There are 2 protein chains.
Amino acid sequence: MFSKACEYGIRAVIYIAANSNEGRRVSLKAIAKHIDSPEAFTAKILQILVRHNIINSVRGINGGFEIEKQNLDVILLADIVKAIDGDQIYKRCGLGLHACSEAHPCPVHYQFVTIKNGLRTLLETTNLKTLALEVNSGLSFLKI
Amino acid sequence: MFSKACEYGIRAVIYIAANSNEGRRVSLKAIAKHIDSPEAFTAKILQILVRHNIINSVRGINGGFEIEKQNLDVILLADIVKAIDGDQIYKRCGLGLHACSEAHPCPVHYQFVTIKNGLRTLLETTNLKTLALEVNSGLSFLKI
DNA sequence: TTAAATTGAGATAATTTTATCTTAATTAAA
DNA sequence: TTTAATTAAGATAAAATTATCTCAATTTAA
Ligand code: SF4
Ligand code: SF4
C-alpha cells in the first residue's frame with residue numbers, strides 16, 4: 001500500500017503528534033525507538049516532513065521534533081502520504097495502465113475507483129488530533 | 001498497489017486469456033509487444049505463472065503461452081496477484097504495524113479493513129473469462 | 001537429420017529503495 | 001566560552017526490485 005518510508009513517516013508523525021498534544025517535544029532517538037524504525041533512515045524521512053511543514057524541528061540540546069498544537073486537527077494522514085509517496089496511490093490505475101479509464105472502462109474499473117475513493121476519504125478525513133488522542137488514551141500501539 | 005512485475009503479469013494473463021478464448025496461442029514477443037512490457041522481464045514473470053499452473057507454455061516452433069479454455073472462468077485475478085506479490089496486500093496492516101489489529105484498533109483500522117475487503121472481493125470475484133470477453137469485444141485496451 | 005523458433009533457467013546488470021556514515025550547523029547548559 | 005546534545009545534509013552502502021544476457025532444452029518444419 002505505502003512505501004516503507006511512508007509507513008515510518010506515518011508512525012513517526014503519530015508519535016510526535018501524541019507527544020505534542022501533551023506538550024512534549026521528542027528526539028529522533030526516542031521516535032525511532034518507540035516506532036521501531038531505523039534511526040538514520042527515520043531522520044531522512046523526518047527531514048522531508050520538516051521541509052513540507054508537517055512537523056517542526058529544533059536543533060541543539062533539548063531539541064527534537066514537535067507539531068504546533070493548533071495544527072493537530074488540520075494536518076491529515078493524506079498530507080504525510082503525499083509528502084513521502086506522492087498522491088498516485090489512489091490516482092493510478094489499479095492495473096498499471098494509462099489511457100483507458102472512464103472512456104473504455106475494464107470490468108474492474110469502477111470497483112477500483114470505489115476502493116481508491118475509500119482510501120482517499122480515509123486519508124483526507126483523518127487528522128492527527130484523532131490519532132494522537134487514541135495513542136494518548138492508550139488504545140493504540142505504535143510499536144510492533 | 002501492486003509491484004511492476006505483478007502489473008505486467010496481470011496484463012499478460014489478460015492478453016493470453018483473450019487470445020486463448022479465441023483459440024490462439026501467443027508468443028512472448030507478441031505478449032510483450034501488446035502489453036508494452038520489457039520482453040526478458042516479462043519472460044521471467046510468465047515462468048512464475050507457468051510454475052503456478054495459471055498459464056501453460058509450449059516450447060518450439062509455433063510455441064507460446066495459452067490457458068485452457070475451461071479454466072478461464074476458474075482462474076481469478078487473485079491467483080495472479082498471489083503468485084507474484086503474495087497475498088499480503090490485503091492482509092497487512094495499512095500502517096505497517098504488526099500486533100495491534102482487532103484487539104486495540106486504531107481510528108482507521110475498520111476503514112482499512114473495509115478497503116482491503118473490497119480489494120479482496122474484487123480480486124477474488126473477477127475471473128479471466130470476464131476480462132477476456134471485455135478485451136475480445138474491443139472495450140478495453142491493454143497497451144498504454 | 002538439421003535448422004529455426006520458441007520457452008526455461010541461471011547469471012549478471014541497472015535502477016530504486018532502504019539504510020548508514022560522516023561532518024556541519026545549531027542550541028542550550030555548564 | 002566551551003562543551004554536549006541535538007538536527008541537517010550529503011556521501012556512501014546494502015538490499016530489493018526491475019531488467020537484460022547467455023545458453024540450454026524443446027518442438028516443429030524443412
Ligand atoms: S479501465 Fe481497468 S485497466 Fe483501465 S484505468 Fe480503469 S481499472 Fe485500469
Ligand atoms: S489498528 Fe490501525 S495500526 Fe493497528 S492493525 Fe489496524 S489499521 Fe493497522
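Just so we're clear, the structure is a prediction, and the values are computed from it rather than from any experiment.
Between the side chain of Ser20(A) and the backbone N or O of Gly23(A), no donor-acceptor pair lies under 3.5 Å. Under a 3.5 Å cut-off, the side chain of Asp36(B) and the backbone N or O of Ala32(B) do not form any donor-acceptor pair.
Distances from the side chain of Phe65(B) to the nucleotides dA28(C), dA19(C), dG8(C) place dG8(C) closest. Closest to the Ala40(B) side chain, of the nucleotides dT7(D), dC21(D), dT6(C), is dC21(D). In this structure, the nucleotide among dT18(C), dA29(D), dA19(D) sitting nearest to the side chain of Tyr8(B) is dA19(D).
In this structure, CD of Gln47(B) is placed 15 Å from C1' of dT18(D), rounded to the nearest angstrom. Atom NZ of Lys44(A) and atom P of dT7(D) are 13 Å apart (whole Å). Distance Leu28(A) CG to dA8(D) C1': 11 Å, rounded to the nearest Å. Atom-to-atom, CD1 of Ile45(B) to C1' of dG8(C) comes out at 15 Å; the value is rounded to the nearest Å. Atom CE in Met1(B) sits about 18 Å away from atom P in dT17(D), given to the nearest Å. Note: CD1 (Ile31(B)) to P (dT6(C)) measures 12 Å, nearest angstrom.
Checking Arg59(A) against Gly63(B), the closest nucleotide of DNA chain C that is more toward the 5' end is the one next to Gly63(B). Sequence order on DNA chain D of the closest nucleotides to Lys4(B) and Arg51(A) puts Arg51(A) first from the 5' end. Two residues, Cys6(A) and Ile61(A), neighbour DNA chain C, and the one matched to the more 5' nucleotide by heavy-atom proximity is Cys6(A).
The aromatic rings of Tyr8(A) and Phe41(A) lie perpendicular to each other, with more than 60° between the two planes, well past the 30° mark.
No donor-acceptor contact under 3.5 Å links the side chain of Glu39(A) to the base of dA19(C).
Looking at Leu46(A) and Ile55(A), their side chains come closer than 4.5 Å, going by heavy atoms from C-beta outward.
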